[in-house]
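Only this structure's heavy atoms are used, side chains among them; waters, hydrogens and symmetry mates stay out. Each chain gets a letter, A, B and so on, in the order its sequence line appears, and its residues count up from 1.
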There are 2 protein chains.
Amino acid sequence: METPTASPAAGIEAADDAPWLTAEEQRLWRAHLDVCKLLEYQLGRELQPHGLAMNDYEILVVLSEEPHRRMRMTDLAAATLQSKSRLSHQITRMEKAGLVVREGCPGDRRGLYAVLTDDGWQTLRKVAPDHVRSVRHHFIDRFDSDQIAALYEALGPVAAHLRALRGRG
Amino acid sequence: METPTASPAAGIEAADDAPWLTAEEQRLWRAHLDVCKLLEYQLGRELQPHGLAMNDYEILVVLSEEPHRRMRMTDLAAATLQSKSRLSHQITRMEKAGLVVREGCPGDRRGLYAVLTDDGWQTLRKVAPDHVRSVRHHFIDRFDSDQIAALYEALGPVAAHLRALRGRG
DNA sequence: CCGATAATGTTGAAGTTTGTACAAAGAGTG
DNA sequence: CACTCTTTGTACAAACTTCAACATTATCGG
């Protein structure tokens, strides 16, 4: 039922500079992997009745928080940690669904904005409360406030480290 | 640079039973999402030179830990949290790559074992130290031992909760 | 101003994942 | 035993992601 991934597996030798994970380390690592996969699965599942996938939802949120509910494709790709190519396809699909539109960019004739449509906004408005309920029920509300602080203190720097790596590569 | 997903976004009302995330809750939630995405990206990237994807690696590990380096398809799908369909495709690819083979199941003529080949075992042997180094460098070694304990105490139950949900649906 | 270089996005093909339907074999029941 | 119900794994088609190539426009140096 667990999800191994960096295991000793009797018969294989670790590198000198990177010993196998201890039992405690390993169970944490596996818990993290499981939570990642399962949470995405579950949240996606609960979003499905609304006809949205996690990717769609994330984009709606990001756009909704921007000044004019719009963002340059490249920035949106960066904000959502996707490749430009993937985002382009994604936006094409969402455009077909009427959630966003592409609009040319005044100052830069190469650029495009992805813009939230009214329909997109209404959809978000309708879906957000349910999604927040999911996030609370399956994640946030399972921690007390000390844990919330401790988790952020631990995970925040990891996220920052990885974000920095991604930039260059 | 962050990855919103359950945000208030001025102008949308929360449900009565599920208020918006507080600032602390939200930054944790976003950190978690970012770590999930970025870590998978980075680990996958560092696995690439070995010609493996995370999925491949995970399957090698799971099989390597089994008594005869084999597991029934259904069990393997459950262990790796994939659909049976997806696993079937995955094993087909890995079989082509020579990492595993399918073997019939003596007691149950419907069943098949996915079996680690010698090549698969050697590959794991070669790749594992590097992967563990990655996991340490980008995740485990960024916490002190108190944090490791605290994180597991927090995440373990969440994983258990989500696993239980998955079973039924 | 021109030419080289870089940035913005898209495209199309190939590869992966998902969802549903299906064939084959076991299990339980009268 | 026959009948139904369940379990196992695959196969196909549709949806999604990745990768590399490309067209277009901006930017920088002489």
query = Can you check whether A/S85 has a side-chain N or O nearer than 4.0 Å to OP1 or OP2 of C/dT11?
reply = no
Rounded to whole Å, CZ of A/R109 lies from P of D/dA23 at a distance of 19 Å
Problem set entry | Phosphate contact (C/dG9 OP1 or OP2) by A/R72 side-chain N/O below 4.0 Å | yes
Between CZ of A/R45 and P of C/dT18 the distance, given in whole Å, is 13 Å
The residue among B/L39, B/L38, B/L33 that forms side-chain contact (heavy atoms from CB on, under 4.5 Å) with B/V35 is B/L39
B/L87 atom CG is separated from D/dT7 atom P, nearest whole Å, by 18 Å
* **Parallel, tilted or perpendicular: rings of A/Y57 and A/H131 (30°, 60°)** => tilted
Atom CG of B/N55 and atom P of C/dG15 are separated, to the nearest Å, by 17 Å
Is there a side-chain contact between A/T74 and the phosphate of C/dA7, meaning an N or O under 4.0 Å from OP1 or OP2? no
Notebook entry, point to check: Ignoring hydrogens and angles, does a donor from either the side chain of A/R110 or the base of C/dA7 sit under 3.5 Å from an acceptor on the other?
Noted result: yes
Using only modelled atom types and a 3.5 angstrom limit, is any donor from either the side chain of A/R86 or the base of D/dT18 paired with an acceptor on the other?
no
Looking only at C/dT17, C/dA25, C/dT10, the nucleotide nearest the A/S88 side chain is C/dT10
Margin query: Less than 4.5 Å apart, side chain to side chain, heavy atoms only: is that true for B/H137 and B/R142?
Written below: yes
Hey, what's the ring geometry for A/W29 with B/F139, parallel, tilted or perpendicular (30° and 60° as the breaks)?
tilted
Is B/E46 salt-bridged to B/R133, going by a charged N under 4.0 Å from an acidic O?
no
When rounded to whole Å, the CG to C1' distance for the pair B/L81 and C/dT18 reads 16 Å
message: Applying a strict under-4.5 Å side-chain criterion to I, L, V, M, F, W and Y, I'd like to know whether A/M94 and A/W121 cluster together.
response: yes
| said: In the structure I gave you, are the side-chain heavy atoms of B/Y113 and B/R72 within less than 4.5 Å of one another anywhere? | reply: yes
inquiry  = What I want to check is whether an N or O donor and acceptor connect the side chain of A/H89 with the base of C/dG12 at under 3.5 Å.
reply    = yes
field: Phosphate contact (D/dT17 OP1 or OP2) by A/Q82 side-chain N/O below 4.0 Å
entry: no
Checklist entry - Do B/K84 and B/M73 have side chains that get closer than 4.5 Å, going by heavy atoms? => result no
Atom CD of B/E40 and atom C1' of C/dT16 are separated, to the nearest Å, by 13 Å
In numerical order, the residues of residues 93-108 of chain A whose heavy atoms come under 4.0 Å of DNA chain D are A/R93, A/D108
Picking from D/dT17, C/dT18, C/dT10, the nucleotide nearest the side-chain atoms of B/S83 would be C/dT18
Whole-Å distance, A/K84 NZ to C/dG12 P, equals 18 Å
Separation of D/dA15 atom P from A/I91 atom CD1, nearest Å, is 18 Å
Practice task
Respond yes when some side-chain nitrogen or oxygen of A/Q48 is under 4.0 Å from OP1 or OP2 of C/dG19, and no when none is.
Solution key: yes
